[in-house]
Amino acid sequence: MIKSPRGTSDVLPPESAKWIYLEGIVREVARRYNFDEIRLPTFEHSELFSRTVGETTDIVEKEMYTFKDKTGRDLTLRPEGTAGVARAFVEHGMASGPLPRKFYYLGSMFRYERPQAGRYREHRQFGVEIFGSPSPHSDVEVITLAMDIAEELGLTGTELYINSIGCPKCRGPYKEALIAYLTPHIDELCEDCRSRLTRNPLRALDCKSERCKALVAGAPSSLDYLCGECKEHWDRFREILTAVGIPYTVDKSLVRGLDYYTRTVFELKWPPLGPAGSTLCGGGRYDGLVEQLGGPPVAGVGFGMGLERMLLANEKGEKPIQAGGEIDVFIVCPKGGEGEDKGFEREARLQELARAFRRKGLRCDFDPLQRSMKAQMKQADRMNARFVVILGEDEFRSRSASVRSMRHGWQKTVPIEEVLATIEEAGQNG
RNA sequence: GUGGAUGUAGCUCAGUUGGUUAGAGCGCCAGGUUGUGGCCCUGGAGGUCACGGGUUCGAAUCCCGUCAUUCACCCCA
């Protein structure tokens with residue numbers, strides 16, 4: 001048997017209804033914030049990611065789904081969303097248009113890693129990006145957007161962690177200071193961090209090994225090395241958060257695993273998900289990204305949000321999405337006997353009646369296999385039908401049908417032309 | 001990539017120290033009611049016991065390998 005590839009999953013009913021609801025929420029919140037949807041390719045030139053996300057990051061080093069197409073182009077299934085949006089922004093000359101520009105996207109991301117709770121090789125992400133605003137108001141705007149989504153989904157007690165990693169200007173001296181601090185302790189560092197020291201020293205900061213954590217606790221903080229402008233941005237950013245009443249925790253070890261970030265980085269966590277996968281959403285500022293991709297200097301800020309995790313959290317939260325469905329009408333129409341010309345005419349009326357309900361916007365179904373009345377009644381019950389219309393031989397002789405309320409149990413026979421009106425009226429009364 | 005746990009029916013799981021034809025509950029289909037759902041009763045369909053190899057007279061059971069699932073680590077959404 002062929003199964004879905006490792007780390008991927010099928011979303012089946014009734015679970016798929018939860019996804020429709022979830023996607024509706026994120027779209028709606030994005031709309032309120034005046035973000036427009038952007039739809040982009042699922043794969044890009046590999047170079048886009050290796051250059052922007054960074055050669056030394058885990059994503060590029062070991063997690064990309066990279067392949068060559070038939071003419072040898074080097075392509076990669078997108079591991080994250082921001083790089084592609086920035087690419088499109090530059091490609092379509094949007095820097096010359098009105099700024100700032102606000103986008104959201106919704107789609108699958110791919111990373112080759114071992115699956116576990118809340119982590120998949122293909123996962124769906126919602127993300128937003130604001131181009132052309134260096135203002136800390138935009139940092140706060142994307143954060144409140146994410147928090148509003150969490151709130152709509154009944155997640156109380158989300159925690160916001162923030163940090164600033166500065167710009168290329170202040171990062172140089174900071175890296176030097178960090179290396180100077182760590183080098184004397186090189187023998188105490190874990191193997192990974194030893195190689196990080198030369199390749200990407202910032203990454204040593206969020207190492208989970210106890211010894212490294214202890215060591216790093218005394219390490220210089222990027223916050224102490226911010227240049228004048230970055231410092232101003234950082235201070236103002238926190239002032240606004242405080243002013244609008246959003247609690248936050250400054251986490252000096254929060255660096256995020258992608259190279260394009262500058263200044264603000266943040267994560268929104270929901271502790272009940274457990275330490276392994278409690279990050280609902282992560283993002284930050286990427287002021288050099290557009291320029292790096294050949295565009296003019298245009299500031300940017302945004303986040304990516306893991307939708308599987310949002311759903312997982314929602315199920316544990318205070319407002320779990322209700323997935324069980326019901327239908328409005330089930331039409332019972334058992335197969336006709338020989339005496340009735342096999343019931344062919346009755347079957348034609350069945351199709352007409354079903355279509356009439358559907359055109360009125362009612363969810364309606366019937367049994368195409370024409371099983372016994374009992375079987376069809378069971379089917380109607382299983383589908384949680386509010387009403388059943390019985391189009392049986394007896395009724396049909398007098399051009400009528402029976403309408404039955406499955407909730408209340410009453411049943412009455414009315415002329416076929418009145419069936420629709422009868423149900424609409426009964427439906428009004430619950 | 002590293003470590004642990006687990007793979008038996010569509011689902012949740014039994015299966016004795018290795019011993020005939022592998023079971024239950026739920027679900028599905030049908031009948032009990034040849035025109036009426038839920039409750040009840042009866043019957044039926046459905047399994048290469050994850051896959052491959054080994055030990056044995058005999059393997060769902062023991063051993064090895066592979067794959068998958070899952071939890072944790074690394075890292076991340």
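Naming: A, B, ... by sequence-line order, numbering from 1 per chain.
- Rounding to whole angstrom units, CZ of residue A/Phe110 and C1' of B/rC76 are separated by 16 Å.
- At whole-Å resolution of the value, CZ in A/Arg121 and C1' in B/rG1 are 11 Å apart.
- Residue-to-nucleotide contacts include a donor-acceptor pair under 3.5 Å from the side chain of A/Arg119 to the base of B/rC75.
- A/Tyr120 comes within contact range of at least one nucleobase, with a heavy-atom separation under 4.0 Å.
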Protein N or O to nucleotides 33-38 of chain B N or O, pairs below 3.5 Å:
{"unit_1": "B/rG35", "atom_1": "N7", "unit_2": "A/Asp394", "atom_2": "OD2", "d": "3.2"}
{"unit_1": "B/rG35", "atom_1": "O6", "unit_2": "A/Asp394", "atom_2": "N", "d": "2.2"}
{"unit_1": "B/rG35", "atom_1": "O6", "unit_2": "A/Asp394", "atom_2": "OD1", "d": "3.0"}
{"unit_1": "B/rG35", "atom_1": "O6", "unit_2": "A/Asp394", "atom_2": "OD2", "d": "2.8"}
{"unit_1": "B/rG35", "atom_1": "O6", "unit_2": "A/Glu395", "atom_2": "OE1", "d": "3.2"}
{"unit_1": "B/rG35", "atom_1": "N1", "unit_2": "A/Glu395", "atom_2": "OE1", "d": "2.4"}
{"unit_1": "B/rG35", "atom_1": "N1", "unit_2": "A/Glu395", "atom_2": "OE2", "d": "3.1"}
{"unit_1": "B/rG35", "atom_1": "N2", "unit_2": "A/Glu395", "atom_2": "OE1", "d": "3.3"}
{"unit_1": "B/rG35", "atom_1": "N2", "unit_2": "A/Glu395", "atom_2": "OE2", "d": "2.5"}
{"unit_1": "B/rU36", "atom_1": "O2", "unit_2": "A/Gln411", "atom_2": "OE1", "d": "3.4"}
{"unit_1": "B/rU36", "atom_1": "N3", "unit_2": "A/Gln411", "atom_2": "OE1", "d": "3.2"}
{"unit_1": "B/rU36", "atom_1": "N3", "unit_2": "A/Gln411", "atom_2": "NE2", "d": "3.0"}
{"unit_1": "B/rU36", "atom_1": "O4", "unit_2": "A/Gln411", "atom_2": "NE2", "d": "2.8"}
{"unit_1": "B/rG37", "atom_1": "O2'", "unit_2": "A/Asp381", "atom_2": "OD2", "d": "3.0"}
{"unit_1": "B/rG37", "atom_1": "N7", "unit_2": "A/Arg404", "atom_2": "NH2", "d": "3.1"}
{"unit_1": "B/rG37", "atom_1": "O6", "unit_2": "A/Arg404", "atom_2": "NH2", "d": "3.0"}
{"unit_1": "B/rG37", "atom_1": "N1", "unit_2": "A/Met406", "atom_2": "O", "d": "2.9"}
{"unit_1": "B/rG37", "atom_1": "N2", "unit_2": "A/Asp381", "atom_2": "OD1", "d": "3.2"}
{"unit_1": "B/rG37", "atom_1": "N2", "unit_2": "A/Met406", "atom_2": "O", "d": "3.1"}
{"unit_1": "B/rG37", "atom_1": "N3", "unit_2": "A/Asp381", "atom_2": "OD1", "d": "3.3"}
{"unit_1": "B/rG38", "atom_1": "O4'", "unit_2": "A/Asp381", "atom_2": "OD2", "d": "3.3"}

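- Using a 4.0 Å cut-off, some side-chain N or O of A/Gln116 falls inside it from OP1 or OP2 of B/rA72.
- Of the charged side-chain nitrogens involved, at least one lies within less than 4.0 Å of a carboxylate oxygen, so that A/Lys102 and A/Glu141 count as a salt-bridged pair.
- Evaluation of atom-type donor-acceptor distances gives no pair under 3.5 Å for the side chain of A/Arg256 against the base of B/rC75.
- We find that A/Arg111 and A/Glu113 are not joined by a salt bridge, their nearest charged nitrogen and carboxylate oxygen being 4.0 Å or further apart.
- Among the atoms of the strands shown, none is found under 4.0 Å from any heavy atom of A/Glu267.
- In this structure, A/Gly127 reaches neither bases nor backbone, as no heavy-atom distance under 4.0 Å exists between it and the strands shown.
- Put simply, the side chain of A/Glu113 and the base of B/rA77 share a donor and an acceptor less than 3.5 Å apart.
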Show the distances under 3.5 angstrom between N or O atoms of the protein and N or O atoms of nucleotides 3-11 of chain B.
{"unit_1": "B/rG3", "atom_1": "O6", "unit_2": "A/Arg114", "atom_2": "NH2", "d": "2.9"}

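- Within 4.0 Å (heavy atoms only), A/Ala380 reaches no atom of the nucleic acid at all.
- Residue A/Gly7 is in sugar-phosphate contact alone, with no base atom involved, counting any heavy-atom pair closer than 4.0 Å across all strands shown.
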